[in-house]
Colleague: 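So that we are looking at the same thing, I have put the structure below in structure tokens.
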Amino acid sequence: MIRLAWRSLAGRRAGWAASLVALVLALVMTTACAVLLESGTRAASPVERYAGTDVVVGGQPFVPRARELRAALEELPSVERVVVELSFPTTAVDASGEPVEAPWDGPSLGHSWESAVLAPFTLRRGRAPGGDAEVVLDGALAARLGRGTGDTVRLAGPDGTRAYRVSGVADPPRRLTRQYAVFHTPREAERLAASAQPVRAVGVLAAAAADPAALRREVERRVSDVYGDGGAPVVVASGGERADAEFWNVPSPASVLSSLVGTFGVLSLFVAGFVVSGTLSLAVAGRLTEIGLLRAVAATRGQVRRMVAVEALLVTAVAALVGVPGGIGVALALHGVLVDGEVLPPSFTLSVGPVAPWLTVVLAAAVAQVASFAAARRASRVRPVEVLREAAAPAPRAGWGRVLLGVCVLAGAGVCLGAVASGRLDGGGGTAESMVLVLIAGVALLAPPVCRAAVLLLAPLRGLLPREGVMAVRNLRGQNARLASTVTPLVLAVSLTGTLLSVPLITAEGARQSERQRLLADHVVTSAGPGVAPRYAERAARLPGVAAASGQLGVDGELRRADAAEGDAAAVVGAGLVALRADAVPHLLDLGVRAGSLDRLGAASVALGADVARELGAAVGDRVRVDWDDGGRDTFRVAAVYSRDEGFADAVLPSATAARHAADPLQDSVLVRAAPGADPAAVGRELTSLAAEFPGTRVAGADEDARGASGGGDAAGLFVLLLLLMINAFTAIAVVNTLGTATAGRRREFALLRLAGAQSSQVLRMLVWEAVLTCVIALSLAAVVCAAVLTTLSTALTGSAVPALAAGSLTVLVVAAFLVTVATVTLVGRTVMRRTAAAPGGWAEAVS
């Protein structure tokens with residue numbers, strides 16, 4: 001069977017060339033994704049600020065009862081020293097007045113110089129801070145600012161912006177790559193970290209000759225003794241785990257890659273499956289005469305199928321020799337782009353192991369085998385006596401099983417989209433992208449009958465077309481399988497690109513519309529840095545013409561009924577909480593209150609979103625408990641239930657209580673409302689003047705887009721752009737590949753037309769018309785797929801059935817589709833006719 005398959009491949013090199021190219025491209029894309037994912041699993045975040053410790057007790061975010069824990073740890077005989085670390089957000093301000101963000105969206109933190117030993121930081125220049133107006137900078141931050149000893153640096157912290165003198169520059173053994181560090185005197189650090197629980201970590205330095213494993217066990221026992229069997233929101237870490245304790249609230253490279261590259265890999269396999277299936281179907285369809293003759297000499301259906309399967313396996317093996325090294329090269333290029341775009345930290349290294357290449361080869365072989373089985377199934381059923389008729393005019397009808405499966409897939413997608421439109425299913429971008437893949441799969445399954453119906457719809461237009469156009473319509477109707485193989489990748493590229501580009505626009509418009517409905521404030525203040533200092537809201541509330549002002553602070557915790565049993569998991573909801581000044585909420589937000597009143601909010605009351613209230617079974621007057629992430633608990637009475645919780649918060653809490661449990665005291669934004677009769681523009685000018693004292697803050701009207709700068713959105717946008725570029729490049733090559741193979745296989749048809757009196761220019765014009773009509777059908781189907789998803793999503797999120805579209809990018813894509821299709825068939829058709837005319841015997845030999 002292998003020898004027969006190899007001889008068949010040698011005799012049909014042109015027929016299998018398209019499948020080889022498709023498999024090479026599929027292997028390139030999937031190998032690149034697999035290498036990046038494997039690198040993410042192998043990559044370990046380097047320990048930076050805690051590298052000098054043996055064991056770290058890290059708080060998430062705080063270490064409660066830190067003094068008691070420190071005393072308990074100091075009693076251990078194997079401990080030389082215990083150091084507590086005070087950490088608080090601080091952002092350096094450059095010469096232009098803009099905040100300097102830490103690399104790779106990492107933290108920029110201030111500390112006490114006493115905790116420098118945890119790294120340990122060593123002074124390269126200067127000395128330790130000798131007064132509260134002096135600081136020590138880490139080397140990377142000093143280089144970024146261009147500051148040295150004796151210079152002045154401005155630091156923005158929880159209490160606003162202050163100027164400090166640089167007394168020294170220090171670095172740990174491993175230079176900081178994911179954060180910036182500033183060191184103050186112990187007294188100044190305690191003032192800036194003003195909090196009921198300012199300690200973020202406790203570092204343990206072992207005595208000489210201490211066993212690290214035994215020390216960790218002793219520390220764990222002391223932690224259990226201090227906090228009891230119920231535990232505490234702390235982690236005990238040693239070795240590489242210290243990095244997790246250090247960067248507990250910063251995404252790791254593995255998590256970033258798993259979310260971004262994982263999506264990329266799934267889409268790559270999806271695209272590759274359809275393209276490879278289409279090219280293999282064409283390759284097998286061009287061999288019906290050969291297969292019929294094999295059946296005539298007693299070859300069984302199983303033998304034919306096994307022959308095609310072995311051929312596909314051999315082609316996969318050849319493709320792997322090129323695709324796997326090419327994928328590794330693409331992974332190297334993507335790694336450089338992602339590091340330059342700060343999606344990955346510079347410390348992230350690319351690891352090429354044996355798992356990723358072998359896994360991609362196995363996946364590609366599986367895809368090829370499934371595609372070859374589907375293609376060979378019908379070919380093996382050809383009766384020998386009908387071989388000539390079947391080869392000349394392949395049956396245009398798809399199998400009933402395929403049609404039924406396609407209808408079921410489209411019906412399932414329709415049910416899900418209906419649930420999104422009615423609000424029963426979350427209408428986020430992930431749901432929309434999933435539905436577009438399902439719709440594309442349904443269209444691909446139904447491509448032959450759908451294309452046949454589309455060609456029939458073109459029949460009434462034949463009177464408006466020239467002779468070449470009429471011939472093109474007849475050719476498309478007669479070669480339905482070829483048309484479906486060309487249309488499918490075009491539909492995939494246009495619909496997937498249109499959805500990926502337009503969903504973020506619709507989601508953002510829905511968020512803006514919800515915010516406009518929710519906001520009563522006249523001005524929203526945000527920050528280009530990590531957040532807005534709490535003092536800004538305090539000072540804004542005292543400005544003339546301001547009726548109410550409050551900072552918005554996002555906190556995390558779990559909501560449960562106060563009367564729920566401890567083990568009752570159904571009564572617990574992991575919630576996103578927002579803290580504001582209780583007395584300012586009714587003046588700043590219109591939350592669509594269904595029950596109760598926002599006027600009743602106070603230090604011991606809470607407003608619940610309707611969804612959370614329904615899950616908890618809580619009503620106005622009931623008591624709920626918040627279990628904070630730092631281990632604290634508070635009980636509140638429900639003062640109101642509101643309906644406008646989508647994209648906002650599950651509960652609104654008093655900031656006086658929630659701020660004590662926040663991981664970061666900086667506020668997400670500040671809402672300000674002008675007093676009745678006051679000029680909002682004048683209030684805006686006052687807020688802008690105040691913002692000059694808080695670098696990075698930005699004042700916007702309530703109807704403006706006041707979102708702060710975010711590196712995360714840029715990173716996601718960069719990766720989506722790379723994803724779309726590669727998918728469209730792959731699809732473009734696949735379309736060229738499929739069209740080239742299909743056109744080159746029509747040599748006999750072209751010869752018959754030339755012998756019947758048609759000129760070469762007429763044949764070429766017929767091919768151009770076929771290409772144009774193919775694009776029209778493909779783009780129409782893609783428009784239907786995009787409309788089904790985007791209008792549903794737009795209706796659910798914005799209330800309008802007219803979605804926001806990335807019109808410019810889609811126009812470029814549509815024009816490119818026409819150009820690629822027309823250019824391919826024209827060039828290949830011209831080449832085929834020239835070679836045929838120049839061959840001995842010319843057109844007559846081609847017909848025979």
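This chain uses plain numbering: 1 for the first residue, then up along the sequence. On a predicted model such as this, the values are computed, not experimentally measured, just so you know.
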Colleague: Testing the basics here: between Leu790 and Gly498, what is the closest heavy-atom pair and its distance to 0.1 Å?
Modeller: CD1-O, 4.2 Å
Colleague: Please round to the nearest 0.5 Å and tell me the distance separating atom CZ of Phe818 and atom CG of Leu490.
Modeller: 9.5 Å
Colleague: Could you report the tightest heavy-atom contact between Val330 and Ala32, atom names first, then the distance?
Modeller: CG1-CB, 3.8 Å
Colleague: Just so I know, are the side chains of Glu509 and Leu797 near enough to count as touching, which here means a heavy-atom distance under 4.5 Å?
Modeller: no
Colleague: To the nearest 0.5 Å, tell me how far Thr497 OG1 sits from Leu813 CG.
Modeller: 5.0 Å
Colleague: Quick one: does Leu496's side chain get under 4.5 Å of Leu437's, heavy atoms only?
Modeller: yes
Colleague: Just verifying a value: how many Å separate Thr30 OG1 and Leu23 CG, rounded to the nearest 0.5 Å?
Modeller: 10.0 Å
Colleague: Please determine whether side-chain contact (heavy atoms from CB on, under 4.5 Å) holds for the pair Leu781 and Val785, giving the CA-CA distance in whole Å, both sets of side-chain angles, and the decisive distance to 0.1 Å.
Modeller: CA-CA 6 Å; Leu781 292 175; Val785 171; 5.6 Å; no
Colleague: With side-chain contact (heavy atoms from CB on, under 4.5 Å) as the test, would you mind laying out the steps for Val763 and Met833 before giving the verdict?
Modeller: CA-CA 9 Å; Val763 176; Met833 286 189 289; 3.7 Å; yes
Colleague: Assess the residue pair Phe750 and Leu767 against the criterion (side-chain contact (heavy atoms from CB on, under 4.5 Å)); give the C-alpha distance rounded to whole Å, side-chain angles, the decisive distance to 0.1 Å, and a yes or no.
Modeller: CA-CA 10 Å; Phe750 296 158; Leu767 291 177; 3.9 Å; yes
Colleague: Which atom names give the shortest non-hydrogen contact between Val324 and Pro357, and what distance separates them?
Modeller: CG1-CB, 3.7 Å
Colleague: If you look at every heavy atom in Ala331 and Leu36, which pair is closest and at what distance?
Modeller: O-CD2, 4.2 Å
Colleague: Tell me every residue that passes side-chain contact (heavy atoms from CB on, under 4.5 Å) with Leu405, counting only those two or more places apart in sequence or in another chain.
Modeller: Val409, Leu445
Colleague: Quick one: CD on Glu749 to OG1 on Thr743, what's the gap to the nearest 0.5 Å?
Modeller: 9.5 Å
Colleague: Would you say the side chain of Leu753 lies within less than 4.5 Å of the side chain of Met471, judging by non-hydrogen atoms?
Modeller: yes
Colleague: Which value, rounded to the nearest 0.5 Å, describes the distance between Leu483 atom CG and Ile777 atom CD1?
Modeller: 5.0 Å
Colleague: Distance-only, no hydrogens or angles: does the Gln369 side chain make a donor-acceptor pair with backbone N or O of Ala309 under 3.5 Å?
Modeller: yes
Colleague: Got a sec, which pairs hit side-chain hydrogen bond (donor to acceptor under 3.5 Å, both in side chains) with one end in residues 819-831, sequence neighbours left out?
Modeller: none
Colleague: Could you give the distance from CG (Leu805) to OG1 (Thr499), rounded to the nearest 0.5 Å?
Modeller: 10.0 Å
Colleague: Donor-acceptor pair, Ser794 side chain versus Ser800 backbone, under 3.5 Å?
Modeller: yes
Colleague: Under 3.5 Å, is there a donor-acceptor pair between the Thr360 and Thr31 side chains?
Modeller: yes
Colleague: Quick one: does Leu417's side chain get under 4.5 Å of Leu439's, heavy atoms only?
Modeller: yes
Colleague: Please identify each residue that fulfils side-chain hydrogen bond (donor to acceptor under 3.5 Å, both in side chains) with Ser495, with sequence neighbours left out.
Modeller: none
Colleague: Which pair of non-hydrogen atoms, one from Pro325 and one from Val322, has the smallest distance, and what is that distance?
Modeller: CD-O, 3.4 Å
Colleague: Please walk me through it: do Gln762 and Arg467 pass side-chain contact (heavy atoms from CB on, under 4.5 Å)?
Modeller: CA-CA 9 Å; Gln762 290 176 312; Arg467 286 176 297 177; 3.8 Å; yes
Colleague: Do you know which two heavy atoms are closest between Ala356 and Val35, and how far apart they sit?
Modeller: CB-N, 3.7 Å
